[in-house]
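Structure, as structure tokens:
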Amino acid sequence: MNLKLQYKLVYKIKNSRDPRLKSFSEEYIINRISKFKKTRTVLNYEDVKLINDKVPGTYLIYSLTNGKLAFCYVGESTNVFERFKQHINGFRNGKDRLYSKMRKKVKELEDISFMVLDEIEDQNERLKKETYYIYTMKSKFFSLNSKLVNRRLRCPSGHGMVRSFMTYDKEAEKLNLIVYGRCVNKHCNITFVIK
């Protein structure tokens, strides 16, 4: 299958609500999680409670039990482990829409896994990486992220309000997704790679 057809298929898997594509969407995200697990540590909520390190970066929260994916959520924070603890408390007691969605998908905190994706000090770089991972893990069936781009993300010139889009590297031998940001400032309007 040529790259263009592969990209169209991946795009459809990520953006369609067609129930016939749900298993493909699940398989795609499970595959991504498996790749992350090769180089990153998976924590449960008991592990998270014991960690007091201050680590800025991007993270993934997901529920994968008996080979079935319930949800995934990508975020960023100046202190990932503190943010994990906030998510744990939110799951237990939160009235926020995110936690309501999580509780609809899973009943027990034991079914939720936590993973630091990258340690990144610079906020704008964290926001770029978060956007990239949100696109990577995007699914109408499983992703709990409500937005693709955080409003705090800035273009290389420092302007806010960036729009984003996904495409692929047409020169690559195998499918390589690329996420771009575009500044909405009329005088700037710069397009830049988000990765």
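Keep in mind it's a predicted model, so treat the numbers as computed, not measured.
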Q: Please work out whether the ring planes of Y59 and Y73 are parallel, tilted or perpendicular, with thresholds of 30° and 60°.
A: tilted

(Q) Other residues, nucleotides and ligands only: do more than 12 of their heavy atoms fall within 6.0 Å of OH on Y99? (A) yes

Q: Evaluate side-chain contact (heavy atoms from CB on, under 4.5 Å) for M137 paired with R32, printing each intermediate quantity in order.
A: CA-CA 8 Å; M137 304 302 283; R32 296 297 307 161; 3.8 Å; yes

Q: Drop me the distance from E108's CD to T65's OG1, to the nearest 0.5 angstrom.
A: 10.5 Å

Q.
I need the minimum non-hydrogen distance between S63 and V106, along with the two atoms involved.
A. OG-CG1, 3.1 Å

**Q.** Pairing of K140 and D18 as salt bridge, 4.0 angstrom limit
**A.** no

Q | Check: G94 main-chain N/O paired with R103 side-chain donor or acceptor under 3.5 Å | A | yes

**Q.** Aromatic plane relationship, Y7 with Y11 - under 30° parallel, 30 to 60° tilted, over 60° perpendicular
**A.** tilted

Q.
Which heavy atom of N44 sits nearest to which heavy atom of F114, and what is that distance?
A. C-CD1, 4.0 Å

Q) More than 12 heavy atoms of other residues, nucleotides or ligands under 6.0 Å from CD of Q6: is that the case? A) yes

Q: Consider only side-chain N and O atoms of R83 and Q86, and report whether a donor and an acceptor are under 3.5 Å apart.
A: yes

Q) Are the aromatic ring centres of Y62 and F36 under 6.0 angstrom apart? A) no

(Q) Within the supplied structure, the quantity of interest is the number of heavy atoms (other residues, nucleotides, ligands) at a distance under 6.0 Å from K49 NZ; does it exceed 12? (A) yes

Q: Determine, using the 4.5 Å side-chain heavy-atom cutoff (strictly less than), whether V10 and V179 are members of one ILVMFWY cluster.
A: yes

Q. What's the verdict on side-chain hydrogen bond (donor to acceptor under 3.5 Å, both in side chains) for R126 and T58, showing C-alpha distance, side-chain angles and the deciding distance?
A. CA-CA 6 Å; R126 275 196 319 270; T58 56; over 6 Å; no

Q.
Which heavy atom of N145 sits nearest to which heavy atom of C72, and what is that distance?
A. OD1-O, 4.4 Å

Q) If we only count heavy atoms from C-beta on, is the E46 to E110 side-chain gap below 4.5 Å? A) no

Q: Can you see which heavy atom on E130 is nearest to which on V74, and at what distance?
A: O-CG1, 3.8 Å

(Q) How about NZ on K54, more than 12 heavy atoms from neighbouring residues, nucleotides or ligands closer than 6.0 Å, or not? (A) no

Q) Closest heavy-atom contact between F142 and S25? A) CD1-OG, 3.9 Å

**Q.** Cationic tip of K22 above F24 ring, under 6.0 Å, 45° of axis
**A.** no

Q | K107 to K104 - nearest heavy-atom pair and separation | A | NZ-O, 4.1 Å

Q) Any donor and acceptor pair, going by atom type alone, linking the side chain of S139 with main-chain N or O of F141 inside 3.5 Å? A) yes

Q: May I ask you to check whether K85 and N52 show a side-chain donor-acceptor distance below 3.5 Å?
A: yes

